Amino acid sequence: EVQLVESGGGLVQAGGSLRLSCAASGITFDENVIGWFRQAPGKERESISCISSRDGTTWTADSAKGRFTISRDNAKNTVYLQMNSLKSEDTAVYYCAAVLQPEGVTVATMCGEDMDYWGKGTLVTTL
């Protein structure tokens, strides 16, 4: 059974930081693109950042560049999202998702709604 379990969400003041974790099981971790997505109240879910567990290449949305950093620990089957300089507009449920990465296909191409597996989400609230 595939499981993606997010943790690290919470309440933070504007300008503060949080680190989200996504622990994956049931997948061949180093063959997947793992990503973070978010859905704010009344809005569609959007892609934030993805990383190739195969080679570490990343893609990050313009709204997160310079503030959010994605990283991975293949030994722990875990992907992280370090979020700095949080703003009120970052308030959302943050989801982790995974998709198998075919050879020769970029992370940017894979980082979208067609992910194979999704976690249940963790709430981030910025005051």
Side-chain angles (χ1 to χ4, degrees):
E1 179 189 5
V2 176
Q3 283 193 316
L4 299 174
V5 180
E6 303 97 336
S7 61
L11 191 65
V12 64
Q13 296 285 339
S17 298
L18 283 174
R19 188 177 81 154
L20 305 183
S21 299
C22 171
S25 60
I27 60 173
T28 305
F29 188 80
D30 59 5
E31 293 181 357
N32 276 261
V33 166
I34 312 285
W36 288 98
F37 303 76
R38 70 184 182 189
Q39 187 165 23
K43 295 187 178 181
E44 293 187 355
R45 189 160 56 193
E46 61 175 333
S47 306
I48 297 301
S49 189
C50 289
I51 187 166
S52 167
S53 296
R54 177 179 291 153
D55 60 18
T57 54
T58 64
W59 173 88
T60 301
D62 287 343
S63 60
K65 281 181 182 175
R67 299 188 301 126
F68 294 4
T69 303
I70 193 168
S71 62
R72 78 198 198 282
D73 185 335
N74 285 32
K76 295 182 178 179
N77 283 10
T78 300
V79 169
Y80 305 97
L81 186 68
Q82 177 66 43
M83 304 189 296
N84 298 328
S85 303
L86 283 161
K87 306 174 182 179
S88 58
E89 51 262 46
D90 295 318
T91 294
V93 177
Y94 284 71
Y95 297 91
C96 173
V99 64
L100 201 64
Q101 183 181 15
E103 289 284 352
V105 181
T106 66
V107 172
T109 300
M110 301 303 296
C111 195
E113 280 296 315
D114 291 332
M115 307 297 276
D116 291 332
Y117 305 102
W118 292 85
K120 294 182 179 180
T122 185
L123 178 62
V124 172
T125 303
T126 304
L127 299 177

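Quick caveat, the model's predicted, so the values are computed rather than measured.
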- Message: Once rounded to the nearest 0.5 Å, what's the spacing between atom CG of L18 and atom CZ of F68?
- Response: 9.0 Å
- Answer yes or no: is there a donor N or O on one side and an acceptor on the other, between the side chain of R67 and the main chain of S85, under 3.5 Å? yes
- Message: With heavy-atom distances below 4.5 Å as the criterion, would you say the side chains of L123 and Y94 are in contact?
- Response: no
- Item | Member of V107, I51, T106, I70 meeting the side chain to side chain contact (heavy atoms under 4.5 Å, CB included) criterion with W59 | V107
- Message: Considering only residues two or more places apart or on different chains, which pairs with a residue in residues 58-127 satisfy disulfide bond (SG atoms under 2.5 Å apart)?
- Response: C22-C96, C50-C111
- Item | Any residue meeting side chain to side chain contact (heavy atoms under 4.5 Å, CB included) with K76, in chain and number order, not counting sequence neighbours | D73, T78, Y80
- Query: How close do M115 and M110 get, heavy atom to heavy atom, and via which atoms?
  - Reply: SD-O, 3.4 Å
- Apply salt bridge (charged side-chain N to carboxylate O under 4.0 Å, His left out) to K87 and D90, showing your working. CA-CA 5 Å; K87 306 174 182 179; D90 295 318; over 6 Å; no
- Item | Nearest heavy atoms of G56 and R72, plus distance in Å | CA-NH1, 3.2 Å
- Task: Given side chain to side chain donor-acceptor pair (under 3.5 Å), test T69 with Q82 step by step and report yes or no.
- Result: CA-CA 5 Å; T69 303; Q82 177 66 43; over 6 Å; no
- Item | S25: partners by side chain to side chain contact (heavy atoms under 4.5 Å, CB included), with sequence neighbours left out | Q3
- Find the distance between CG (L127) and OG (S88) and round it off to the nearest 0.5 Å. 9.5 Å
- Message: Please tell me whether W118 and F37 form a close aromatic pair, meaning their ring centres lie under 6.0 Å apart.
- Response: yes
- List the atom of N84, the atom of S17, and the distance in Å for their closest heavy-atom pair. OD1-OG, 2.9 Å
- Message: Let me check something: do F29 and Y95 share a hydrophobic cluster, defined by ILVMFWY side-chain heavy atoms less than 4.5 Å apart, either directly or through other members?
- Response: no
- Message: Could you work out, with side chain to side chain contact (heavy atoms under 4.5 Å, CB included) as the rule, every residue matching A98, not counting sequence neighbours?
- Response: L4, I27, N32, I34
- Provide the closest heavy-atom pair for K120 versus E6 in the form atom of the first, atom of the second, distance. N-OE1, 3.2 Å
- Item | Common cluster, L81/L11, ILVMFWY with side-chain heavy-atom separation under 4.5 Å | no
- Task: Report whether L86 and V93 are members of the same hydrophobic cluster (ILVMFWY, side-chain heavy atoms less than 4.5 Å apart, transitive linking).
- Result: no
- Item | Residue pairs passing the salt bridge (charged side-chain N to carboxylate O under 4.0 Å, His left out) test where at least one lies in residues 15-35, sequence neighbours excluded | none
- Message: Test of understanding: with side chain to side chain contact (heavy atoms under 4.5 Å, CB included), list the residues that count as partners of A14, not counting sequence neighbours.
- Response: T126
- Where do K43 and E89 land on the side-chain contact (heavy atoms from CB on, under 4.5 Å) test, with the steps shown first? CA-CA 11 Å; K43 295 187 178 181; E89 51 262 46; 5.9 Å; no
- Query: Can you hop from Y117 to V99 via hydrophobic side chains spaced under 4.5 Å?
  - Reply: no
- Is the side chain of R38 donor-acceptor paired with the backbone N or O of I48 at a distance under 3.5 Å, no angle test? no
- Task: Verify the neighbour count for atom CG of D55: are there more than 12 heavy atoms of other residues, nucleotides or ligands below 6.0 Å?
- Result: yes
